[in-house]
Amino acid sequence: MKSKMGEEYFIEREKMKVEEKLEEPSQTHFVLIHGISGGGWCWYKIKSLMEISGYKVTCIDLKGAGIHPADPTTILSFDDYNYPLIDFLSSLPENEQVILVGHSAGGLSVTDATHRFPNKVRLVVYIAATMLRNGFVTEQDVRDGIPDLSEFGEATDVYDMWFRLGPQQPPTSAVIKTSLQRKIIYQMSPLEDSTLAAMLLRPGPIQALTSARFKEGEGAEEVPRIYIRTVYDRVVKPEQQDAMIKKWPPQNVYTLESDHSPFFSTPFLLFGLLIKAAASLQCIE
């Protein structure tokens, strides 16, 4: 792993390389979307780095996540879960565009938003994310996009689960057990960050997420996409990421030597890649 000093050098080098390509930072608006069980709080390091550098940043709490007041165990549809992001984009002025960034299951949210509002999205960045053009349509989509944590035990050993529709029905929400979170999600992250996460993670609406289906909106395919791979990921494994990249190739692929949570484990490097992604728009456009 690179040292913090090495990461800071990387950031400065990348900023110098793209300085002439970037518009004024204040004109670039990043909208950051968390993964299952997370919240806008996941991005606190990235948000700080971006705002110090002059960028505009919005961190969305999806329904029942972060500090959103809804009970996550009651959310059964993807549209319901993703409503805060859709509502945010619908409220933007017609001439304002954003860069959507989705982590993990947040990839489903940013894909849905891009299909609905292609004219309001300049770029989509997927970080260790589920990147499926139309959601979970085929069995292969399920294999590629849903974490397989069977190596850590049976589902009941890995997850705390809730059965809103009754004990004979599939679980409606779940969260990885506190005792396994660091081992599975944050194995390369600072202990203080995995400790914070253990205090803040909430049940994720897995039934809502697995029901995600998208109808591609006119113009959505023209929105450029970038994928950031995480090579030591134990949640969305590298082979799953590569399969989704091959099936729906983005314009660029970047790689981080990170666990599933680079906003904790490699924040400086992730910040640098997000700046690089924003700068790449000048080449793509």
Side-chain angles (χ1 to χ4, degrees), residues 31-42 59-91 100 102-117 126 128-150 154-178 180-181 184-185 197 200-217 220 235-236 240 244 260:
V31 178
L32 311 181
I33 307 301
H34 60 84
I36 188 171
S37 296
W41 58 267
C42 294
C59 300
I60 302 289
D61 280 326
L62 298 177
K63 190 169 181 179
I67 62 171
H68 192 285
D71 179 352
T73 66
T74 67
I75 299 167
L76 303 178
S77 77
F78 183 78
D79 286 348
D80 192 24
Y81 175 63
N82 207 34
Y83 177 77
L85 174 57
I86 301 306
D87 183 55
F88 172 79
L89 289 175
S90 66
S91 69
L100 287 180
H103 171 249
S104 195
L108 294 165
S109 293
V110 298
T111 300
D112 178 42
T114 303
H115 287 342
R116 292 173 184 255
F117 299 100
Y126 295 83
T130 303
M131 184 177 68
L132 301 170
R133 185 197 299 260
N134 300 115
F136 293 109
V137 178
T138 68
E139 291 184 5
Q140 188 61 51
D141 293 331
V142 172
R143 286 192 291 270
D144 294 341
I146 293 182
D148 177 6
L149 304 183
S150 58
E154 300 293 331
T156 52
D157 299 323
V158 176
Y159 294 99
D160 289 322
M161 295 180 284
W162 286 258
F163 297 81
R164 186 73 181 185
L165 301 180
Q168 304 307 315
Q169 299 298 318
T172 50
S173 55
V175 63
I176 293 176
K177 290 180 180 292
T178 302
L180 290 174
Q181 287 170 7
I184 295 174
I185 316 172
L200 296 177
L201 290 178
R202 299 174 68 183
I206 54 175
Q207 179 166 301
L209 285 163
T210 55
S211 69
R213 306 284 190 280
F214 314 130
K215 182 177 180 181
E216 190 167 348
V235 180
V236 183
Q240 292 178 288
M244 291 185 285
H260 187 60

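Atom set for the values below is all heavy atoms of this structure, side chains included, hydrogens, waters and symmetry mates excluded. Only a predicted model underlies this, so the values are computations on that prediction, with no experimental measurement involved.
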Would you mind listing every side chain to side chain donor-acceptor pair (under 3.5 Å) that reaches into residues 62-86, with sequence neighbours excluded?
K63-D80, D71-T73, D79-R116, N82-S109, N82-D112, Y83-D87

Partner set under side chain to side chain contact (heavy atoms under 4.5 Å, CB included) for T156, not counting sequence neighbours:
E154, M161

For the student: nearest non-hydrogen atoms of S173 and P205, plus distance
CB-CA, 4.1 Å

Within a strict 4.5 Å, meaning less than it, do heavy atoms of the L85 and V31 side chains meet?
yes

Check ring-ring contact (aromatic ring centres under 6.0 Å, His included) between H260 and all other residues, then give those that pass, not counting sequence neighbours.
H103

Taken to the nearest 0.5 Å, the spacing of L209 CG from I36 CD1 works out to 5.0 Å

Which atom names give the shortest non-hydrogen contact between H115 and E216, and what distance separates them?
CE1-CG, 3.5 Å

Do the side chains of L180 and Y159 get nearer than 4.5 Å, heavy atoms only?
no

Got V137 and R213 here, is their nearest side-chain heavy-atom distance under 4.5 Å?
yes

Can you check whether Q181 reaches V175 side chain to side chain, under 4.5 Å on heavy atoms?
yes

Hey, does the side chain of D61 reach the backbone of G39 with a donor-acceptor pair shorter than 3.5 angstrom?
no

Sub-4.5 Å side-chain heavy-atom contact between L62 and I75:
no

Please round to the nearest 0.5 Å and tell me the distance separating atom CD1 of I206 and atom OG1 of T172.
7.0 Å

Residues two or more places apart in sequence or in another chain: which of them pass ring-ring contact (aromatic ring centres under 6.0 Å, His included) with F78?
F214

With distance as the sole test, does Q240 use its side chain to make a donor-acceptor pair with the main-chain N or O of R143 at under 3.5 Å?
yes

Shortest non-hydrogen separation from P72 to P203 and the atoms involved
CB-O, 3.2 Å

Just verifying a value: how many Å separate L100 CG and T111 OG1, rounded to the nearest 0.5 Å?
9.5 Å

Validation row: W41, I67 side chains within 4.5 angstrom (heavy atoms):
no

Any side chain to side chain donor-acceptor pair (under 3.5 Å) pairs touching residues 128-139, not counting sequence neighbours?
R133-E221, T138-D141

Can you name the nearest heavy-atom pair linking G102 to A129, along with the distance?
O-CB, 3.5 Å

Give, for atom CD1 of I185 and atom CG of L201, the distance between the pair rounded to the nearest 0.5 Å.
6.0 Å

To the nearest 0.5 Å, what is the distance between OG on S104 and CD1 on I33?
13.0 Å

Going by salt bridge (charged side-chain N to carboxylate O under 4.0 Å, His left out), name the pairs with one or both residues in residues 155-165, residues two or more places apart or in two chains.
D160-K177

Any idea which heavy atoms bring C42 and H34 closest together, and the distance?
SG-CB, 4.5 Å

